[in-house]
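These notes are about the structure you will find just below.
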Amino acid sequence: MSLKIVVLAKQVPDTRNVGKDAMTAEGTVNRAALPAIFNPEDLNALEQALRLKDQHPGSTVTVLTMGLPKAADVLRESLYRGADAGVLLTDRALGGADTLATSYALSQAIKKIGMPDIIVGGRQAIDGDTAQVGPQVAQKLGLDQVTYVESVESVVDGKVTLARRIDGGVEKVEAPLPLLITVTGSAAPCRPCNAKRVMKYKRATAPIERTADMPYADEYDKKPYLTLTQWGAADIDADLQQCGMAGSPTKVKAVQNIVFKAKESKRLTAADAEVEGLIKELLENHTIG
Amino acid sequence: MINKPCSSLKNIYKRKIMNNVFVYCEIDKYTVEEVSYELLTKGRKLANELGVQLEAVVAGTDIKGKVEQEILSYGVDTLHVFDAEGLYPYTTKPHTSILVNLFKEKQPQICLMGATVIGRDLGPRVSSSLHSGLTADCTALEIGEYDDRKSGKHYDGLLYQIRPAFGGNIVATIVNPDNRPQMATVRSGVMKAEKVDDNYNGEVVCHEVEKYVAPEDYVVRVIERHVEKANNNLKGAPIVVAGGYGVGSKEGFDLLQKLADELHGEVGATRAAVDAGYCEHDRQIGQTGVTVRPKVYIACGISGAIQHVAGMKESGIVISINTDPNAPINQLADYVITGSVEEVVPKMIKYYKENSK
C-alpha cells in the first residue's frame, strides 16, 4: 500500500543566541533578524516519513512549511534528504499567528494538498516549545492523533503501530489511518543530505525568492521540479478572521528579560579553613546533617 | 471519612453556570498525579481571587471511590467523575470529548492541566475544539487586568499566563482576552501542593460517560505499556548537588555523587552536562527538565543559564562553586566559593565527615 505522507516542518530561530532585540514592539518574534535552522524535531519527523516511503514503494512525502520566504530553505533541505515535494505557505496575512491560527492555516493548506494518509510533525519547535500545533491541526482536520512517537513500527491494513515515549516509560499503540503523529527528539536522527539530490535541487526556489536578474532563470522553464509550490492565504481559501493576529486568541501582554535578583552572598575561597568554616556553619544551623 | 454520594444529572443542570476554575486531574491507574494536586492548589487560589468555585475533572476506569476524597481535600467544590472502560490508559479522543462537552455546559473561565505527555496531548486538542487560547509550560499564573492597544478595550480579572519563551531567553506574559476557557499547562514541580482540609465540603458528580464520549472515539488502542517510577528522587530531595558543563567529565560527576551520598541528597545536572553525556537525562534540572526546590542547592561548575535557573530558583540555600567569580549563578547564591570543583568538593566531603559525627 502506497502512502500519501505530509510532513509539517518549521524554520526556527536558533534560540541558543537571542536577545531582547529579537522581539518586536507587539511582542512577536522578529524572525528576519535571527539565524534560522530546520526545527530539530521536524527532522526526526522527516526521517520517520522517509522510512515509511522506503517501506511502502510508491509513497510520496510532501513537506509543508509556513513562514517567511526564506523558510523555503527547509523545503530545499527536505528535498536534499529525500522528500518528493515542498509547499511554502507564506503571506503577511498569516503572520503574528499563535498556535491556533497557525494550525488553521496549515490545516487549510493540507486540504488543498489533498487529504494524506498520515501527517508527521515534530513534537514541538524550539522557539515556542508548546507542542500544540500538531494536535490542533489534527483536530481541525478531524483526524486522530498520536503524540510523542519514537518510531513508526508498521503500517498494515490501514492500521499503524507506533512506539511512544511517555512520562517515565514507553507505550505501544495501534491507530487507524488517516492519522497525525508528532515525533520526539529521541527518535532516529534524519538521514543526511544526498549529494545527487543536492545537485538536482540546489536551485529549487519558490517564486517569491526569485529576482529579475537571477542567473539560471531559463532553467526554471525547462525543469519544473525547480519551482517550489508557493501559496498565500487566498490560495488555501483561508478565512482571514481565523488567520494571523486576528485569529489568535492569545495575546502577548508583556515581554521581559529575566534579571536575577542579586542576593547578598558570602564570598569564600577554596582554602581548607574557609570550606571547613562553611560546613561547620551549615551543620550548626541544621541546614545539612 | 465517608464518600459523598453522587448527585443526579438533573441537579447539575439546575445549578447556575458560574464560570468557575477547572483543573483536569491526571491519574496513573487509581492514583492522582502529584502535578494535579499542585494545580488544584493553584486553582483554589485563583478561584478565591476571582470569587468563584474550583471544580475538578477526573476520568479513568474503576476509579470511583478511590480518588474523590483526596481530590476534594485540596479545596475542590465540585468534582466531576467519569468512570468507564476505555478511559484508562489515556487516549486522546475520549478525554477530549469529556472536556469539550463538559466545558460547553459549564463555561469555565480557566482550565489548568499538567504540562505532562497527557496534558500536552489533550490541552491543544481541547483548545482547538473550543477555539480558546492555550499557553504551554507556564511557570507562574496570576490574575490581572489588560488593556488591548488595538481595540482600546479594558479587561479585568484575566489570567496572566507567564512562561519563559524563546529557549528561556525571555519571559512572556500571555493573556486570552476574549476566548474562554483561558487554558494553561504547568509542569510538574513548578507549583506547590497544599491541602486545604481533609474534610473539605465538596460535591462529587458522577457522569454518564456515554453522554459525553461517542463509541467511535475509542479508536486508538494501547497495546503495551511500560512505565517505571523515576529511578531517582531528585524532585523531592532536600539537598541537590548539581553539576554543569564545567564539571568536565563523568568522573567529575562521580565526585558529585559522593558528596550527594554523604549529604543524603541527589545529583542533578544542567542540560549542557546531560548533552555532553556526563549525567543521565532524567537528572536534568531546568525548564525542559525537572524543577526542584531543595533546602540546599550546591551548584558545581554551573554558569547559570536562565533555562537552568528556571528549574532551581526557589531553592533554599544556594552554594555556588565556580572558578569564575562572575558566573551569573553567583547572583543567586548565598555562598560563593571561587575555586575548582575537583578541589572544593573533596574538601567538603572531608570536612563534613569530620564535623558531622
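Residue numbering restarts at 1 for every chain, and letters A, B, ... go by the order of the sequence lines. No hydrogens, no waters, no symmetry mates; every other heavy atom, side chains included, goes into these values.
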Tell me, out of A:Thr99, A:Asp144, A:Thr269, A:Val137, who's got the most heavy-atom pairs with chain B below 4.5 Å.
-> A:Asp144
Return the option, out of A:Lys140, A:Lys172, A:Arg123, with the maximum number of heavy-atom pairs under 4.5 Å with chain B.
-> A:Lys172
Select one option (side chain, backbone, both, neither) describing which atoms of A:Leu268 are under 4.5 Å from chain B's heavy atoms.
-> both
Against chain A, residues from residues 218-225 of chain B with at least one heavy atom under 4.5 Å, in numeric order, are B:Val219, B:Val220, B:Arg221, B:Val222, B:Ile223, B:Glu224, B:Arg225
B:Arg271 side chain to B:Gln307 side chain, donor-acceptor N/O pair below 3.5 angstrom = no
Most heavy-atom pairs under 4.5 Å with chain B, out of A:Ala125, A:Ala271, A:Ala270, A:Gly169, belong to A:Ala270
Relative to chain A, which segment of B:Glu216 carries a heavy atom at a distance below 4.5 Å: side chain, backbone, both, or neither?
-> neither
Counting heavy-atom pairs under 4.5 Å with chain A, the top scorer among B:Val227, B:Thr338, B:Val175 is B:Val175
Side chain of A:Glu276, backbone of B:Tyr351: donor and acceptor closer than 3.5 Å?
-> no
Tell me, which pairs form a salt bridge (charged side-chain N to carboxylate O under 4.0 Å, His left out) where one or both residues lie in residues 237-249 of chain A, sequence neighbours left out?
-> none
Within the distance-only criterion (no hydrogens, no angle test), does the side chain of A:Asn44 pair as donor or acceptor with the backbone N or O of A:Ala188 below 3.5 angstrom?
-> yes
Can any side-chain N or O of B:Gln182 pair as donor or acceptor with the backbone N or O of B:Leu159 at less than 3.5 Å?
-> yes
Test side chain to side chain contact (heavy atoms under 4.5 Å, CB included) applied to B:Val171 and B:Thr139, step by step = CA-CA 9 Å; B:Val171 168; B:Thr139 51; 5.7 Å; no
Ignoring hydrogens and geometry, is there a side-chain-to-backbone donor-acceptor pair from B:Ser36 to B:Glu26 under 3.5 Å?
-> yes
By a 4.5 Å heavy-atom criterion (distance strictly below it), what part of B:Leu263 contacts chain A: side chain, backbone, both, or neither?
-> side chain
What part of B:Lys93 gets closer than 4.5 Å to chain A, counting heavy atoms only: side chain, backbone, both or neither?
-> side chain
Which portion of A:Leu282 sits near chain B, non-hydrogen atoms under 4.5 angstrom = side chain
Could you tell me the separation between the CG atom of A:Leu89 and the CD1 atom of A:Ile236, rounded to the nearest 0.5 Å?
-> 4.5 Å
Chain B heavy atoms under 4.5 Å from A:Glu284: which part of the residue, side chain, backbone, both or neither?
-> neither
Okay, A:Asp272 and chain B: the region with an atom under 4.5 Å from a heavy atom over there is both
Examine whether an atom of B:Lys350 lies under 4.5 Å from a heavy atom of chain A, and if so say whether it belongs to the side chain, the backbone or both; otherwise answer neither.
-> side chain
Listed by number, the residues in residues 159-167 of chain A that come under 4.5 Å of chain B (heavy atom to heavy atom) are A:Thr161, A:Arg164, A:Arg165, A:Ile166, A:Asp167
Is there a donor-acceptor pair under 3.5 Å between the side chain of B:Asn179 and the backbone N or O of B:His131?
-> yes
Check whether any side-chain N or O of B:Asp121 sits under 3.5 Å from a backbone N or O of B:Ile118 as a donor-acceptor pair, and report yes or no.
-> no
Within the distance-only criterion (no hydrogens, no angle test), does the side chain of B:Ser128 pair as donor or acceptor with the backbone N or O of B:Arg125 below 3.5 angstrom?
-> no
Under 4.5 Å heavy-atom distance to chain B, tell me which part of A:Lys280 shows up: side chain, backbone, both or neither.
-> side chain
Greatest number of heavy atom pairs closer than 4.5 Å to chain A - which of B:Pro325, B:Ser129, B:Gly133 | B:Ser129
Could you check which of B:Ile319, B:Asp137, B:Leu134 has the highest count of heavy-atom pairs closer than 4.5 Å to chain A?
-> B:Leu134
Do B:Leu158 and A:Lys253 come within less than 4.5 Å of each other through their side chains, counting heavy atoms only?
-> no
Is it true that a side-chain atom of A:Thr250 and a backbone atom of B:Asn176 form a donor plus acceptor pair closer than 3.5 Å?
-> no
Polar side-chain atom of A:Glu41 near backbone of A:Gly122 as donor-acceptor pair, under 3.5 Å | no
Checking heavy atoms, do the side chain of B:Thr116, its backbone, both or neither come under 4.5 Å from chain A?
-> both
Short side-chain donor-acceptor distance under 3.5 Å, A:Gln136 and B:Ser127 | yes
Say whether, by atom type as modelled, one donor and one acceptor occur between the side chain of A:Ser248 and the main chain of A:Gly244 under 3.5 angstrom.
-> yes
Side chain, backbone, both or neither: which part of A:Thr147 has a non-hydrogen atom closer than 4.5 Å to chain B?
-> both
Taking only residues two or more places apart in sequence or in another chain, which ones pass salt bridge (charged side-chain N to carboxylate O under 4.0 Å, His left out) with B:Lys295?
-> none
Would you call A:Lys10 and A:Asp127 a salt bridge, using N to O less than 4.0 angstrom?
-> yes
Bottom line for A:Gln124: the part with an atom under 4.5 Å from chain B's heavy atoms is side chain
